[in-house]
Amino acid sequence: MGKPKIRLFTLSTCSHCNKTKKFFQDNGIDVEFTDVDLLSGPEREKIVEEVRKLNPDVSFPTICIGDTIVVGFNEERIRKALEACA
Amino acid sequence: MTPEQLYDILAAYARSQGIRLNKDKELVMDIMRGLLTNEQRYGYRSCPCRLSWGDREKDKDISCPCVYRDPDIKEYGSCYCELYVSPEWNEEKIEHRQVPERRPKEKRRMI
């Protein structure tokens, strides 16, 4: 299936979010991330709405790997989702 | 205040409460930076792992230490951020599990 699209919704102040970013970086995996706490106004509302659809708890990090959503830095679940897309 | 100074203060404070700071120093220092960043931004130490309202009153339940810390430590051995932990958690005597968000949805910032 090739390289899955990976999208992270994070908070710039959250250490578990930073651990998540580092995990992908250390494994040479390109990801797109959005630090929601750094947004404001309509842009922020749009992104928070997007997060809510993926993760009704609106908690962070919210990690989208292909069609799989992983909430929180759970390395095991992340690896499984990556393998499922490989 | 520097992250290192805050670390020393909170480590002593945790001990006085019969709990500890997470032994993962790198993680804890990152949390210290997050707390100080939020203190500069909002004027209070809004939980760095939760989306802040930027409103002290609305966020009083997640101003660190949050009101969910003690019930979370009692149930999981650590708080939501894994900043504060029980001695047993640090000594690996209990399993390290991801702490679910205990904050009621109606209090959370959803916009």
Side-chain angles (χ1 to χ4, degrees), chain A residues 7-27 31 33-65 68-82, chain B residues 3 6-7 10 21-22 24-42 44-55 59 62-64 66 68 72 76 78-85 95-111:
Chain A
R7 186 107 164 68
L8 305 188
F9 296 94
T10 52
L11 301 175
S12 65
T13 55
C14 169
S15 53
H16 299 284
C17 298
N18 293 334
K19 256 182 156 178
T20 304
K21 292 173 189 172
K22 189 172 183 302
F23 170 82
F24 285 109
Q25 207 172 20
D26 292 350
N27 287 277
V31 294
F33 70 85
T34 304
D35 281 331
V36 178
D37 58 315
L38 301 182
L39 304 177
S40 57
E43 187 191 9
R44 178 184 181 129
E45 281 174 35
K46 188 175 134 269
I47 292 290
V48 170
E49 196 43 39
E50 200 178 332
V51 174
R52 194 218 300 258
K53 283 185 192 126
L54 300 163
N55 167 20
D57 278 337
V58 190
S59 53
F60 299 92
T62 294
I63 306 158
C64 315
I65 301 168
T68 307
I69 311 295
V70 177
V71 177
F73 177 58
N74 186 314
E75 195 168 331
E76 196 188 326
R77 276 198 214 130
I78 292 170
R79 287 190 186 283
K80 269 193 189 133
L82 290 170
Chain B
L6 183 58
Y7 178 90
L10 296 185
L21 295 188
N22 189 329
D24 180 341
K25 188 75 181 282
E26 194 185 334
L27 179 89
V28 170
M29 290 315 291
D30 206 21
I31 296 174
M32 295 298 104
R33 284 186 289 273
L35 286 171
L36 292 172
T37 297
N38 279 351
E39 190 169 41
Q40 275 157 17
R41 269 185 200 163
Y42 309 121
Y44 58 93
R45 292 182 194 155
S46 189
C47 173
C49 293
R50 292 176 168 115
L51 195 55
S52 174
W53 286 99
D55 174 321
D59 278 340
I62 58 161
S63 194
C64 186
C66 68
Y68 311 105
D72 282 338
Y76 296 95
S78 85
C79 72
Y80 183 66
C81 296
E82 291 180 3
L83 168 61
Y84 290 104
V85 302
E95 189 197 352
H96 290 186
R97 288 177 292 157
Q98 195 170 313
V99 179
E101 173 61 283
R102 188 182 290 271
R103 189 184 200 196
K105 273 199 176 166
E106 61 276 8
K107 290 189 174 223
R108 296 181 213 172
R109 174 152 204 181
M110 296 282 203
I111 49 167

Task: Test item: B:Glu82 side-chain N/O and A:His16 main-chain N/O as donor-acceptor pair under 3.5 Å - done: no

TODO: Check whether A:Lys19 gets within reach of chain B through its side chain, its backbone, both or neither, counting any heavy atom under 4.5 Å.
DONE: side chain

Task: Point-to-point distance, once rounded to the nearest 0.5 Å, from CE of B:Met29 to OG of A:Ser15 - done: 12.0 Å

- [ ] Could you look at B:Ser46 and say if it's the side chain, the backbone, both or neither that has a heavy atom under 4.5 Å from chain A?
- [x] neither

Open item on the list: Quick check on A:Pro56 against chain B: is it the side chain, the backbone, both or neither that has a heavy atom closer than 4.5 Å?
Closed with: both

TODO: Looking only at non-hydrogen atoms, find the nearest pair between B:Cys49 and A:Leu11 and report the distance.
DONE: C-CD1, 3.5 Å

TODO: Measure distances from A:Ser12 to the heavy atoms of chain B and classify the residue's part below 4.5 Å as side chain, backbone, both or neither.
DONE: side chain

- [ ] Could you tell me whether A:Asp37 and B:Arg41 make a salt bridge, using a distance below 4.0 angstrom between a side-chain N and a carboxylate O?
- [x] yes

Task: Residues, nucleotides or ligands: over 12 heavy atoms within 6.0 Å of A:Lys46 NZ - done: no

TODO: Mind ranking A:Cys17, A:Gly72, A:Pro61 by heavy-atom pairs under 4.5 Å with chain B and telling me who comes out on top?
DONE: A:Gly72

Open item on the list: Between B:Pro100, B:Pro48, B:Cys81, B:Gly34, who has the most heavy-atom pairs with chain A when the cutoff is under 4.5 Å?
Closed with: B:Pro48

Open item on the list: Quick check on B:Arg50 against chain A: is it the side chain, the backbone, both or neither that has a heavy atom closer than 4.5 Å?
Closed with: backbone

TODO: Could you tell me whether A:Glu49 atom CD has more than 12 heavy atoms of other residues or ligands within 6.0 Å of it?
DONE: yes

Open item on the list: Can you confirm whether A:Val58 sits close enough to B:Arg108 that some side-chain heavy atom of one is under 4.5 Å from a side-chain heavy atom of the other?
Closed with: no

Task: Candidate list B:Asn38, B:Asp30, B:Ile31, B:Leu35, test side-chain contact (heavy atoms from CB on, under 4.5 Å), partner A:Thr13, passing option - done: B:Asn38

Open item on the list: When you compare the side chain of B:Glu101 with that of A:Val71, does any pair of heavy atoms fall below 4.5 Å?
Closed with: no

